Amino acid sequence: MSDLDPLDPLQVAEEWRTQGRSVAIATVIDTWGSAPRAAGSHLVIDESGNFEGSVSGGCVEGAVIAEAQEVIGSGEPKMLEFGVADETAWRVGLSCGGTIRVYVERLG
């Protein structure tokens, strides 16, 4: 029996890397106000756009996945910020008054 927890994004990332997939991990670094996920939450993304975990929900996750695809291709990490002060807040689903910062990096 495997010790892999399919709900743990870090274990999923490790498994995907073992399978030879290119993988990026997004981590919530900071939150202010109302935020659906706490600092330390993870989302892992492979080069095909498959993902596991969560950093926010809604359209924020779609934006993070798109940015992760660029990070996988370039190898350059990115710091992303989403919040109500940002013009894109409503578009990405942060109309609740929160702000989050998400660090995205390629693994391996």
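The chain is numbered in sequence order, starting from 1. Being a predicted model, the structure only gives us computed values, none of them experimental. Heavy-atom basis, side chains included; hydrogens, waters and symmetry copies ignored.
The backbone N or O of Glu14 sits nowhere less than 3.5 Å from a side-chain atom of Gln19 that would complete a donor-acceptor pair. Side-chain N or O atoms of Glu52 include none that pairs as donor or acceptor with a backbone N or O of Pro9 at under 3.5 Å.
For Thr99 and Glu81, the side-chain atoms include no donor-acceptor pair closer than 3.5 Å. Between the side chains of Glu15 and Gln11, no donor N or O sits under 3.5 Å from an acceptor N or O.
Looking at every heavy atom in both residues, Val64 comes nearest to Ala26 through CG1-CB, 3.6 Å. Counting all heavy atoms, side chain and backbone alike, Trp16 lies closest to Ile45 at CZ3-C, 4.1 Å. Across all non-hydrogen atoms, the minimal contact from Ala24 to Val104 is CB-CG1, 4.4 Å.
Interatomic distance, Ser54 OG to His42 NE2, rounded to the nearest 0.5 Å: 12.0 Å.
Hydrophobic clustering places Val12 together with Leu10 (ILVMFWY residues linked when any side-chain heavy atoms are closer than 4.5 Å, directly or through intermediates). Connection of Val55 to Tyr103 is not established within any shared hydrophobic cluster, with ILVMFWY side chains joined at heavy-atom distances below 4.5 Å, either directly or through further cluster members. Ile100 and Ile29 are not part of a single hydrophobic cluster, where members link through side-chain heavy atoms under 4.5 Å apart.
Between Asn50 and Arg21 the shortest side-chain heavy-atom distance falls below 4.5 Å. Within the 4.5 Å cutoff, the side chain of Ile72 has heavy atoms near those of the Gln69 side chain. Inter-residue side-chain proximity for Ile25 and Val23 is flagged as unmet; no heavy-atom pair is nearer than 4.5 Å.
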